[in-house]
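Order of the sequence lines sets the chain letters (A, B, ...), proteins ahead of strands, with each chain counted from 1. Computed from a predicted structure; not experimentally measured. When reading the values below, keep in mind they use all heavy atoms of this one structure, side chains included, and skip hydrogens, waters and symmetry mates.
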Amino acid sequence: MSTKRNQDEDTKPVKKHASYWAMGLLLSMKDPELFIKEDDAVVVIKDKYPKAQYHFLVLPKENITSLVKVTKEHLQLLKHMNKVGQDIAESYPNSVFKLGYHAQPSMSRLHLHVISDDFNSTCLKTKKHWNTFTTDFFLPSSKVISEVEMQGKITPVTNDKIKKLMDTPLKCHKCSFLAKNMPTLKSHILVHLKKFI
DNA sequence: GTTCTAGAAC
DNA sequence: GTTCTAGAAC
């Protein structure tokens, strides 16, 4: 028989590090598989799990942890990120792009999404994925810039509002179609794909 | 952010 | 019985 030990002491939870996965963008920025280009101020990478045919991220080299840290001092940077994103988008003339920020990103460090509006990707799987790009959870880059210009900062979206946005019924972003589930929505959006001769 | 999977929904 | 969603992850 082994000596009885104090289980509470042995299994006391050890304080964990801040979620390792949330730092993933730092690794992605250095991943040659994802790297697109860089300049003095920003790095452009492919999203590791693209939610559309084309899905890029523009990240400042300056460590800005999130949108709520953005001030008027960052206005030039925000405009530059937008310009870099537009340039990327224009290099794919057959697609329409959305440029914007998630109201409550999972990944640390500010990142601008540059994503084609087909949303046709095997990596787009969940209702949450869908609603982060097709509801007001997605803050267009132009609106973020004008809000910082007008009030010097971004007003955070409340957790209650976030929850409601994530609960938005699955609606097609291009028509009034309401899908009963994700597989139905994913097959429906194929209808809106540009047809090539 | 993703993966995994229990149990809800069908 | 199978499909699909939603919550835990030590």
Side-chain angles (χ1 to χ4, degrees), chain A residues 5-36 42-61 63-70 81 85 88 97-139 141 144 154 156-157 159-173 177-190:
Chain A
R5 299 176 66 193
N6 186 325
Q7 291 297 310
D8 287 334
E9 284 298 318
D10 286 352
T11 59
K12 188 183 293 179
V14 177
K15 186 177 183 182
K16 287 190 292 185
H17 297 99
S19 307
Y20 183 68
W21 58 261
M23 303 298 292
L25 287 180
L26 270 176
L27 290 173
S28 294
M29 286 169 79
K30 296 169 184 168
D31 186 343
E33 289 292 314
L34 303 175
F35 181 87
I36 298 290
V42 302
V43 176
V44 182
I45 63 172
K46 291 187 281 190
D47 192 293
K48 191 171 183 178
Y49 298 91
K51 304 302 188 295
Q53 186 176 2
Y54 304 111
H55 187 182
F56 306 99
L57 302 177
V58 182
L59 301 117
K61 288 184 173 177
N63 181 17
I64 303 168
T65 51
S66 85
L67 258 195
V68 300
K69 302 287 185 184
V70 165
M81 290 168 71
I88 294 278
F97 281 78
K98 291 178 180 297
L99 276 65
Y101 301 85
H102 281 165
Q104 196 180 87
S106 299
M107 306 296 273
S108 182
R109 184 170 284 245
L110 189 65
H111 54 285
L112 172 66
H113 289 272
V114 178
I115 185 167
S116 58
D117 79 344
D118 51 87
F119 297 120
N120 186 30
S121 166
T122 54
C123 296
L124 196 157
K125 297 174 178 176
T126 68
K127 182 177 191 174
K128 181 176 178 179
H129 289 155
W130 184 257
N131 283 338
T132 59
F133 288 104
T134 61
T135 69
D136 288 342
F137 188 93
F138 191 81
L139 308 173
S141 177
V144 166
I154 294 295
V157 181
N159 284 337
D160 202 49
K161 175 78 170 171
I162 296 282
K163 199 172 179 181
K164 281 175 184 164
L165 290 171
M166 290 301 98
D167 270 343
T168 305
L170 296 173
K171 185 192 166 301
C172 177
H173 61 311
F177 182 81
L178 275 173
K180 67 175 186 295
N181 56 33
M182 282 303 294
T184 308
L185 180 61
K186 285 177 67 68
S187 46
H188 165 79
I189 60 176
L190 302 179

Pairing residues for A:Lys69 by the side-chain contact (heavy atoms from CB on, under 4.5 Å) criterion, not counting sequence neighbours: A:Ile64, A:Thr65, A:Ser66
Which side-chain N or O atoms in residues 111-123 of chain A pair as donor and acceptor under 3.5 Å with protein atoms at least two apart or in another chain?
from	atom 1	to	atom 2	distance (Å)
A:His111	ND1	A:Arg109	O	2.8
A:His113	ND1	A:His55	NE2	2.9
A:His113	NE2	A:His102	ND1	3.4
A:Ser116	OG	A:Tyr54	N	3.0
A:Ser116	OG	A:Tyr54	O	3.3
A:Ser116	OG	A:Asp118	OD2	2.6
A:Asp117	OD1	A:Lys174	NZ	3.4
A:Asp117	OD2	A:Lys174	NZ	3.3
A:Asp118	OD1	A:Gln53	N	2.8
A:Asp118	OD1	A:Asn120	N	2.9
A:Ser121	OG	A:Pro50	O	2.5
A:Ser121	OG	A:Cys123	N	3.0

Using only atom types and a distance under 3.5 Å, with no angle test, would you say the side chain of A:Trp130 pairs donor to acceptor with the backbone of A:Lys171? yes
Can you tell me how far the CD1 atom of A:Ile45 sits from the CG atom of A:Leu25, to the nearest 0.5 Å? 6.0 Å
Looking at residues at least two apart in the chain, or sitting in another chain, which of them share a ring-ring contact (aromatic ring centres under 6.0 Å, His included) with A:Phe56? A:Tyr92
Salt bridge (charged side-chain N to carboxylate O under 4.0 Å, His left out) pairs touching residues 48-59 of chain A, sequence neighbours excluded, are none
In residues 107-120 of chain A, which residues come under 4.0 Å of DNA chain B by heavy atom? A:Met107
With sequence neighbours left out, what residues match A:Leu139 under side-chain contact (heavy atoms from CB on, under 4.5 Å)? A:Leu67, A:Ala103, A:Val144
Partners meeting side-chain contact (heavy atoms from CB on, under 4.5 Å) with A:Lys61 (sequence neighbours left out): A:Glu38, A:Val43
Quick one: does A:Lys161's side chain have a donor or acceptor within less than 3.5 Å of a partner on A:Asp136's backbone? no
For A:Asn159, give me all partners under side-chain contact (heavy atoms from CB on, under 4.5 Å), at least two apart in sequence or on another chain. A:Gln104
Contact list for DNA chain B against residues 46-59 of chain A - heavy-atom distance below 4.0 Å: A:Tyr49, A:Lys51
ring-ring contact (aromatic ring centres under 6.0 Å, His included) partners for A:Tyr49, two or more places apart: none
Dot-bracket assigned to DNA chain B with the 3.5 Å Watson-Crick/G-U criterion, [ ] for crossing and | for other-strand pairs, is .|||||||||
Any luck finding a side-chain donor-acceptor pair between A:Ser28 and A:Asp31 under 3.5 Å? no
For nucleotides 1-8 of chain C, tabulate all protein N/O to nucleotide N/O atom pairs closer than 3.5 Å, reporting atom names and distance.
from	atom 1	to	atom 2	distance (Å)
C:dT5	OP1	A:Met182	N	2.7

